[in-house]
Amino acid sequence: MDSVEFHREPPSNLPTMVVAFGGWIDAGEAVTGAMRYLVRQLAASPLASIDPEDFFDFTKVRPVVRLTAEGQRVIRWPRSEFLTWQPPESRAGLLLFRGMEPHRRWRTYATLLLDVAEHCGVQRIVSLGALLAALPHTRPPRVTGSSTDPAWQARLEAWGMYRRPRYEGPTGIASVVLDAATRRGMSYLTLMGQAPHYLEGATNPAVSRALLTSVSRLLGLALDWPQLEEAVQAFRTQCDQAVAADASTQAYVRQLEQDYDATADEAPRPLRDDEISPEQLMQDLEDFLRKEREGGAE
């Protein structure tokens, strides 16, 4: 593993790994945000990193220059890092991985990632994702999932979160990693948060919180998120103010609220990824707003 730099001797008793990739399925930066809060709350310790040289196009994801307290320039490269959390009691800890989706050599990248995971004793993986959906920011974000682990699958079904995978089409690095993990005999669970599509481009801490709530419930973590709660409240206020400034958008959000509430008491049917197309959702929004403007002009 020449492309992996270890900062210390890796443990071998971490049966579960949580993975978060930025990029392909990280709507509202909810995935990277969730992992950032998880790392902070657990006070997870850096274990290793993958050298980005062979996997990233630095003209697309550029390194960043920072200044130290002494005024020295430091270059920060795209990060692909492993962290560990060991609970104070005797129960098993966690391996965490976060990074941007690489631009090339995905199979080699997935092999390196899983080699480290295997070395740490990982047997099952939790993969976080977030996509755009037709739901309002005024309601709790929905999180769905599926798993190849029978016990986890049973929990998802009992919690009404199960979604039968039916998507066919272009995919991201997370799917490549999970496919390779399956061939190594590892099981996995995917959690997919849903972010309001009309807020595309906005950082969405509410979806991050929803993902973290699901992860904490699944893994039995007793965690508090005071800073995240504050961010969620501030985000809601900003969204309310932005929506209030446009009557057509207000009407559209009310329609989404009605659709959301109409299915609140029903067992959610399995969602297909191809039903949640960002392009189609944005077109629906544009059509709705155009009709509202035309109606108001009459």
Side-chain angles (χ1 to χ4, degrees), residues 20 22-38 40-41 128-144 160-161 163 191-216 223-266 268-269 271-298:
W24 177 253
I25 303 184
D26 187 19
E29 298 180 359
V31 173
T32 47
M35 179 58 81
R36 183 168 57 251
Y37 279 103
L38 186 60
R40 289 177 182 174
Q41 190 67 19
L128 306 182
L131 45 72
L132 300 174
L135 80 167
H137 73 277
T138 54
R139 299 293 187 269
R142 285 173 171 151
V143 177
T144 60
M161 295 173 58
R163 177 209 51 155
L191 290 173
M192 192 68 65
Q194 299 180 9
H197 66 92
Y198 56 88
L199 301 176
E200 183 179 16
T203 300
N204 194 322
V207 182
S208 293
R209 181 181 62 181
L211 286 170
L212 286 171
T213 299
S214 298
V215 170
S216 299
L223 301 174
D224 295 321
W225 322 98
Q227 291 182 325
L228 181 56
E229 293 296 340
E230 292 177 5
V232 170
Q233 293 302 319
F235 175 73
R236 171 64 186 272
T237 299
Q238 293 171 356
C239 291
D240 287 345
Q241 292 173 346
V243 170
D246 184 83
S248 297
T249 304
Q250 287 184 56
Y252 183 71
V253 171
R254 285 196 296 270
Q255 176 182 309
L256 293 178
E257 289 174 339
Q258 293 172 2
D259 295 341
Y260 183 103
D261 295 341
T263 60
D265 296 329
E266 300 176 7
R269 67 178 178 84
L271 295 174
R272 300 196 315 268
D273 289 286
D274 56 353
E275 290 182 307
I276 305 179
S277 163
E279 295 79 8
Q280 184 59 49
L281 291 171
M282 292 308 298
Q283 185 62 52
D284 291 345
L285 172 58
E286 291 172 3
D287 291 345
F288 181 90
L289 297 179
R290 185 181 65 256
K291 291 178 182 178
E292 286 290 310
R293 287 192 293 269
E294 291 173 352
E298 292 178 357

Mind running side chain to side chain contact (heavy atoms under 4.5 Å, CB included) on Gln194 and Thr144 for me, showing each step along the way? CA-CA 8 Å; Gln194 299 180 9; Thr144 60; 4.0 Å; yes
Gap separating the [atom1] atom of [X] from the [atom2] atom of [Y], nearest 0.5 angstrom:
| X | Y | atom1 | atom2 | result |
| --- | --- | --- | --- | --- |
| Leu228 | Leu223 | CG | CG | 11.5 Å |
| Gln238 | Leu199 | CD | CG | 10.5 Å |
| Arg209 | Glu229 | CZ | CD | 4.5 Å |
| Ser216 | Gln41 | OG | CD | 8.5 Å |

Please name the pair of heavy atoms, one in [X] and one in [Y], separated by the smallest distance, quoted to 0.1 Å.
| X | Y | result |
| --- | --- | --- |
| Pro196 | Pro136 | CG-C, 4.0 Å |
| Asp26 | Gly22 | OD2-CA, 3.6 Å |
| Val31 | Ala20 | CG1-CB, 3.5 Å |
| Ala130 | Val207 | CB-CG1, 4.3 Å |
| Ala34 | Leu211 | CB-CB, 4.3 Å |
| Ala195 | Ala27 | CB-CB, 4.2 Å |

Quick check: does any side chain N or O of Asp246 sit under 3.5 Å from a backbone N or O of Ser248, one acting as donor and the other as acceptor?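 Present.
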Say whether, by atom type as modelled, one donor and one acceptor occur between the side chain of Thr249 and the main chain of Ala245 under 3.5 angstrom.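 It does not hold such a pair.
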Hey, mind stepping through Thr138 and Asp240 against side chain to side chain contact (heavy atoms under 4.5 Å, CB included) and telling me if it holds? CA-CA 8 Å; Thr138 54; Asp240 287 345; 4.2 Å; yes
Would you say that more than 12 heavy atoms from the other residues, nucleotides or ligands in this model lie under 6.0 Å from the CD of Gln227, or not? no
Start with the C-alpha distance between His137 and Tyr260, add both sets of side-chain angles, then the distance that settles ring pair (Phe, Tyr, Trp, His ring centres under 6.0 Å), and finish with yes or no. CA-CA 11 Å; His137 73 277; Tyr260 183 103; over 10 Å; no
Evaluate the side-chain proximity of Leu256 to Tyr198: yes if any heavy-atom separation is below 4.5 Å, no if none is.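 Tyr198 vs Leu256: side chains touch.
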Do Leu191 and Met161 have side chains that approach each other closer than 4.5 Å (heavy atoms only, starting at C-beta)?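 Of all side-chain heavy-atom pairs linking Met161 with Leu191, at least one is under 4.5 Å.
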Would Glu29 and Asn204 satisfy side chain to side chain contact (heavy atoms under 4.5 Å, CB included), going step by step from the backbone distance to the final call? CA-CA 7 Å; Glu29 298 180 359; Asn204 194 322; over 6 Å; no
Working note: Ser208 + Phe235, criterion side chain to side chain contact (heavy atoms under 4.5 Å, CB included); need CA distance, chi angles, decisive distance, verdict. CA-CA 12 Å; Ser208 293; Phe235 175 73; over 6 Å; no
